[in-house]
Amino acid sequence: MSAIENIPEVEAHDNGLLRFLTCGSVDDGKSTLIGRLLFDTKTILADTLHAIERTSKKRGMEAIDLSLLTDGLQAEREQGITIDVAYRYFTTGTRKYIIADAPGHEQIRATW
Amino acid sequence: MTTLTKQTLSHLDWLESEGIHIMREVAGQCSNPVLLFSGGKDSICMLRIAEKAFRPGKFPFPLMHIDTGHNYREVIDFRDKRAAELNERLIVRSVEDSMARGTVVLKSAEESRNKHQSVTLLEAIEEFGFDACIGGARRDEEKARAKERIFSFRDEFGQWDPKNQRPELWDLYNARSFKGENIRVFPISNWTEFDVWQYIERENLELPSIYFAHQRQIVRRQGGMLPVTDVTPARPGDIIENVRVRFRTVGDISCTAPVESDADTVAKIIAETATTTITERGATRLDDQTSEASMEQRKKEGYF
């Protein structure tokens with residue numbers, strides 16, 4: 001890795017922090033949407049992407065399953081569902097975001 | 001005529017306030033808490049938050065470190081120095097003592113002692129009767145941690161049950177437990193690696209030297225670098241190189257890998273962290289790579 005020289009002077013605007021969460025029914029695509037959002041904001045780093053690519057292939061999927069970015073528990077990955085809330089973070093440089101990805105199953109929703 | 005400027009809270013102010021609130025909640029709700037302090041960057045930030053929460057009074061809890069016996073000398077010295085500067089009580093419990101007692105049995109002499117810290121931690125909790133342990137884990141570090149509440153309930157065996165977590169509404173935290181049960185509290189859950197470094201820069205916090213670029217003898221193994229030490233000697237056939245590296249994360253010697261870097265100041269580390277392509281614990285923590293669910297598994301066995 002080369003030395004970081006001449007760090008550019010950027011005027012920093014800090015607009016604080018925004019928290020939001022996903023709501024929806026079973027299999028609506030909440031976790032996948034958050035996964036895609038994290039991917040598009042370049043929050044997903046190379047090793048994480050590589051790991052979920054590997055897991056997706058192991059599960060027999062052709063495309064990367066982006067919901068694996070939030071579904072971190074073993075039971076969730078095996079069943080392809082969200083059992084508990086996951087918290088993910090990204091920043092746009094001016095604001096930090098906290099995303100809570102919620103489960104959709106009626107039976108699970110009550111506990112968080 | 002004074003002009004009124006709109007006061008906005010920066011994200012670091014928000015995160016810091018949340019951390020202060022959580023620590024004060026622990027002090028208010030728990031009768032015998034403890035703060036797990038390892039000398040690493042996350043626990044150093046936690047000490048600063050604790051100072052802001054409780055000074056000029058003393059902390060309503062002691063500091064504790066579970067020492068594997070394989071920690072970097074620089075980090076141990078820093079831990080002792082910082083505890084003395086703050087004039088707070090530091091308790092050290094060692095995995096080696098558990099090994100002498102027979103409660104920890106290693107499979108081989110070279111086995112990493114990382115997961116065995118759980119046993120020593122549980123023994124220390126029982127010894128002192130702690131009902132809450134404040135730790136510096138963050139949700140962005142690992143996928144199982146992203147699922148954990150800020151106040152994480154552990155049963156009398158220290159086990160985490162991810163399917164039985166308590167509701168945490170807004171900033172209402174529930175630290176109730178019966179005797180023998182424990183709550184693990186993570187005040188910096190919502191902090192990312194980048195936030196930690198920005199906070200270190202803003203507060204001018206001192207860190208152990210190994211976080212900054214330095215020359216070190218390493219061997220390349222499994223796509224990463226392993227430092228050559230008494231605990232992790234080079235194997236026959238390994239090529240020892242002298243490389244400029246720094247540690248992004250600090251576990252102990254047997255499970256932490258450095259990354260190549262020239263960043264020897266906090267500002268340079270921040271610039272590097274902003275442009276990194278690998279996660280903090282991705283290629284650098286061998287304890288996370290034992291299996292896909294290694295952190296979840298360790299937590300179910302009592303890991304902090």
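Note on naming: letters A, B, ... go to the chains in the order of the sequence lines (proteins, then strands), and numbering restarts at 1 for each one. Side-chain atoms are counted along with the backbone in the values below, which use heavy atoms only and exclude waters and symmetry mates.
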Exercise. Counting heavy-atom pairs under 4.5 Å to chain A, which of B:Met295, B:Lys163, B:Glu296 comes out on top?
Worked result: B:Glu296
For this session: Mark yes when over 12 heavy atoms from residues, nucleotides or ligands other than A:Arg19 sit less than 6.0 Å from its CZ; otherwise mark no.
Result: no
For this session: To the nearest 0.5 Å, tell me how far B:Thr277 OG1 sits from A:Ile44 CD1.
Result: 13.0 Å
For this session: Using a cut-off of 6.0 Å, state whether more than 12 heavy atoms not belonging to A:Arg59 lie near its atom CZ.
Result: yes
For this session: Please look at B:Ala146 and chain A and tell me whether the side chain, the backbone, both or neither of the residue comes under 4.5 angstrom of a heavy atom of that chain.
Result: both
Problem set entry | Qualifying residue, where the test is salt bridge (Lys or Arg N to Asp or Glu O under 4.0 Å) with A:Asp84 and the options are B:Arg166, B:Arg149, B:Lys147 | B:Arg149
Exercise. Would you find a donor on one side and an acceptor on the other, under 3.5 Å apart, between the side chain of A:Asp47 and the backbone of B:Thr279?
Worked result: yes
Exercise. Taking 4.0 angstrom as the limit, do A:Lys96 and B:Asp195 come out as a salt bridge?
Worked result: yes
Seminar exercise, completed: For B:Asp264, the salt bridge (Lys or Arg N to Asp or Glu O under 4.0 Å) test, sequence neighbours excluded, returns B:Arg244, B:Lys268
For this session: Decide if atom CZ of B:Phe178 counts as having more than 12 heavy atoms of other residues, nucleotides or ligands within a radius under 6.0 Å.
Result: no
For this session: Please state whether the side chain, the backbone, both or neither of A:Arg54 comes within less than 4.5 Å of a heavy atom of chain B.
Result: neither
Seminar exercise, completed: Ordered numerically, the heavy-atom neighbours of chain B under 4.5 Å found in residues 61-74 of chain A are A:Thr70, A:Asp71, A:Gly72, A:Leu73, A:Gln74
For this session: Check ring-ring contact (aromatic ring centres under 6.0 Å, His included) between B:Tyr199 and all other residues, then give those that pass, not counting sequence neighbours.
Result: B:Trp191
Problem set entry | Non-neighbouring partners of A:Ser25 that pass side chain to side chain contact (heavy atoms under 4.5 Å, CB included), sequence neighbours left out | A:Asp28
Problem set entry | Flag for B:Asn190-A:Tyr89: side-chain donor and acceptor within less than 3.5 Å | yes
